[in-house]
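Note sheet for the following structure.
Keep in mind that this is a model prediction, so the values were computed, not measured.
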Amino acid sequence: MKLPRRKLIATGAGLAAAWALPRKANAAEWTAAERANAQIVTEFCAAWPNHNLERLMSFFAENGAYRVSEAYEPIKGKQAVSDRIKSFLDRVERFEVRDTLAKGPMVFNERIDHFTGGPLKSWHGVGVFFLKDGKIVEWYDYTIALERA
């Protein structure tokens, strides 16, 4: 049976549009190590509202690094990371984690960090964490959007 040209074009366009719709990928189950790494990052993010610098730094390896955003070079060494975190810790209201993905030693989370006072009201971005032996070796943040105070 031959379809009229107009119907054939409409059917083809409809199939193309359906194919272009976003589909959720079937992600593999996390390994035990990935679950543990994701849990460490989740606990780290949940610890911020307590403003306990010692607790936050307990998540870092001695050679830990922190990149505040893509606009800055990484801060290297646990003491340097501690000094940087201390400079804004009291202004952190909370870290709102929206999504987490773990692959091997890497954990990625989408967050909105909320602040009270200072230059920012909120920062929306992606944190990329590299963990080794249960400690954060690298924490790099990449900005999606920010809201100035």
Provide the closest heavy-atom pair for [X] versus [Y] in the form atom of the first, atom of the second, distance.
X: C45; Y: F95; answer: O-CB, 3.7 Å
X: V137; Y: K132; answer: CG2-CB, 3.7 Å
X: L131; Y: N37; answer: CB-OD1, 3.8 Å
X: T100; Y: W30; answer: O-CZ2, 3.6 Å
X: V81; Y: M57; answer: CG1-CE, 3.9 Å
X: A65; Y: F60; answer: O-CE2, 4.2 Å

Looking at [atom1] of [X] and [atom2] of [Y], how far apart are the two atoms once the value is rounded to the nearest 0.5 Å?
X: D99; Y: N109; atom1: CG; atom2: CG; value: 8.5 Å
X: E62; Y: K135; atom1: CD; atom2: NZ; value: 9.0 Å
X: D90; Y: I85; atom1: CG; atom2: CD1; value: 12.5 Å

I'd like to know if the side chain of [X] reaches the main chain of [Y], judged simply by a donor and an acceptor atom lying under 3.5 Å from each other, with no hydrogens or angles considered.
X: E138; Y: F129; answer: no
X: E34; Y: T31; answer: yes
X: R67; Y: E70; answer: yes
X: T42; Y: A38; answer: yes

Is it the case that one hydrophobic cluster holds both [X] and [Y], taking links as side-chain heavy atoms less than 4.5 Å apart, direct or via other members?
X: I112; Y: L89; value: no
X: Y140; Y: M106; value: yes
X: V97; Y: L56; value: no
X: F115; Y: I144; value: no

Run the side-chain donor-acceptor check on residues 119-128: report pairs under 3.5 Å with partners two or more places apart or on a different chain.
{"unit_1": "W123", "atom_1": "NE1", "unit_2": "T143", "atom_2": "OG1", "d": "2.9"}
{"unit_1": "H124", "atom_1": "NE2", "unit_2": "E110", "atom_2": "OE2", "d": "2.7"}

For this session: Could you please spell out the steps behind the side-chain contact (heavy atoms from CB on, under 4.5 Å) verdict for K78 and N63?
Result: CA-CA 6 Å; K78 195 170 185 177; N63 62 337; over 6 Å; no

For [X], which residues count as a ring pair (Phe, Tyr, Trp, His ring centres under 6.0 Å) partner, sequence neighbours excluded?
X: F88; answer: W48
X: Y66; answer: W139
X: F59; answer: F44

Exercise. Any side-chain heavy atom of P49 sitting closer than 4.5 Å to one from V92?
Worked result: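 Side-chain contact under 4.5 Å: no.
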
Problem set entry | pair Y142-S69: side-chain heavy atoms closer than 4.5 Å |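 When only atoms from C-beta onward are counted, S69 and Y142 do not touch, as no gap falls below 4.5 Å.
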
For this session: Apply side-chain contact (heavy atoms from CB on, under 4.5 Å) to the pair N50 and R55, showing each step before the final yes or no.
Result: CA-CA 9 Å; N50 295 327; R55 170 76 173 130; over 6 Å; no

For this session: Could you pull out all residues at least two apart from K76 that satisfy salt bridge (charged side-chain N to carboxylate O under 4.0 Å, His left out)?
Result: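 So K76 forms no salt bridge (charged side-chain N to carboxylate O under 4.0 Å, His left out) with any residue.
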
Exercise. Of all residues at least two apart in sequence or in a different chain, which pass the salt bridge (charged side-chain N to carboxylate O under 4.0 Å, His left out) check with R148?
Worked result: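 Counting only residues at least two positions away or on another chain, R148 forms no salt bridge (charged side-chain N to carboxylate O under 4.0 Å, His left out).
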
Problem set entry | Pair D113 + R94, salt bridge at N-O below 4.0 Å |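 Judged by the 4.0 Å cut-off on N to carboxylate O distance, D113 and R94 do not form a salt bridge.
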
For this session: Give a yes or no on this: more than 12 heavy atoms of other residues, nucleotides or ligands lie within 6.0 Å of atom OH of Y72.
Result: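 No, not enclosed.
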
Exercise. Taking H114 as the fixed residue, which of R91, E147, E96, E93 is the one that meets the side chain to side chain donor-acceptor pair (under 3.5 Å) rule?
Worked result: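 Of the listed residues R91, E147, E96, E93, the side chain to side chain donor-acceptor pair (under 3.5 Å) partner of H114 is E96.
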
